[in-house]
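What you see is a predicted model, and the numbers here were worked out from it, not measured in a lab. Order of listing sets the numbers, starting from 1, for every ligand and every atom in it. The first residue of the sequence shown is numbered 1, and numbering continues consecutively from there.
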Amino acid sequence: MTELGLYDAMSSCRAVRRLRPDRVPDDVIERVLQAAAWAPTGGNQQPWRIVAVRDAGIKRALGDLYQPVWADYAAASRRGIAKLDEARRDGVERTLAAGDYLADHFGETPVVAVFCFSPRNMAITDAGLDRPSVVGGGSVYPAVQNLLLACRAEGLGCVLTTLLCIKEVEVKQLLEIPDDWFTCAAVPIGYPLLRGHGPLSRRPIEKLVYSDRWNQRWNQS
Ligand SMILES: Cc1cc2nc3c(=O)[nH]c(=O)nc-3n(C[C@H](O)[C@H](O)[C@H](O)COP(=O)(O)O)c2cc1C
């Protein structure tokens, strides 16, 4: 395998939802799991676990849970894009079509990495604020991103999904997750059916980064 540079991996690691059912070798899976384990967490507590699902029956059951949740989400999105101009509508429709494919084939994905977390071991420094708390996620999602990037480096397709959290009760029961652990992402992993990863569409840093003060444009010089 040719080594992919880190920046090349980051700038081409996009959501790949059309995956082949072909088996992924265990050593490859182990490398991407190891990449997840290298991620930083608050106080180095590593308050996350992955249930790496390869069992066909369990994957099918996860797919059965994912499908209707995706269908509701996709129907709402399709209603929402009706008023967009044609070019933007087409773009979103392409993404939704890929999402439909994933939902229909979720259970055939070679591996689904279900990320779980335990809030007990998290330093959630924004928990007391009068706004949605996000800091706890910072002790899990870097591990998810490491795994996505490692998949990219291995030529594997993958996508971070969170819709299954809506079915957390059922997922916990299915995967025998303890009462004090919860779910936060499910990443289907497999070799891409089509082109897989590629160029990203993202806002330029000038639109995302300010210099010293909010609304003060980032100065590149
Ligand atoms: C927090 C989060 C939740 C997401 N949940 C889902 C999901 O449930 N299903 C899905 O198909 N994609 C999901 N995605 C993938 C995003 O839709 C995707 O990363 C985004 O549209 C950018 O796509 P691109 O990387 O192909 O440009 C999620 C991504 C993030 C970061």
Ion pair present between R217 and E206, side-chain N to carboxylate O less than 4.0 angstrom?
no

With rounding to the nearest 0.5 Å, note down the distance linking CG in N146 to CD in Q34.
10.0 Å

Distance to 0.1 Å, residue and atom name: give those for the protein heavy atom nearest to atom 19 (O) of ligand 1.
A15 CB, 4.3 Å

Nearest-0.5 Å distance that lies between atom CG in L160 and atom OH in Y141:
6.5 Å

May I ask which of R17, H197, R14 has a heavy atom nearer to atom 16 (C) of ligand 1 than the others do?
R17

Does a side chain donor of either R152 or S12 reach within less than 3.5 Å of an acceptor in the other side chain?
yes

Looking only at protein heavy atoms, identify the closest one to atom 4 (C) of ligand 1 and say how far it is in Å.
L160 O, 3.3 Å

Would you mind listing which atoms of ligand 1 come within a distance below 4.0 Å of any non-hydrogen atom of L163?
8 (O)

Check ligand 1 against Y66 and write out every atom of the ligand that is under 4.0 Å from a heavy-atom position of the residue.
7 (C), 8 (O), 9 (N), 10 (C), 11 (O)

Closer than 4.0 angstrom, basic N to acidic O: yes or no for R54 and D26?
yes

Under 4.0 Å between heavy atoms, the region of F106 that gets near ligand 1 turns out to be neither

re atom 25 (O) of ligand 1, the protein heavy-atom contact at minimum distance is R202 NH2, 2.9 Å

Counting only heavy atoms, which portion of W70 has something under 4.0 Å from ligand 1: side chain, backbone, both, or neither?
side chain

Less than 3.5 Å apart, any donor N or O on the side chain of E168 or T183 sitting next to an acceptor on the other?
yes

Just which atoms of ligand 1 are under 4.0 Å from any heavy atom in V159?
12 (N), 15 (C)

If you have a sec, work out which protein heavy atom is nearest atom 3 (C) of ligand 1 and how many Å separate them, to one decimal?
T162 OG1, 3.2 Å

Under 4.0 Å between a side-chain nitrogen and a carboxylate oxygen: does that hold for E108 and R60?
no

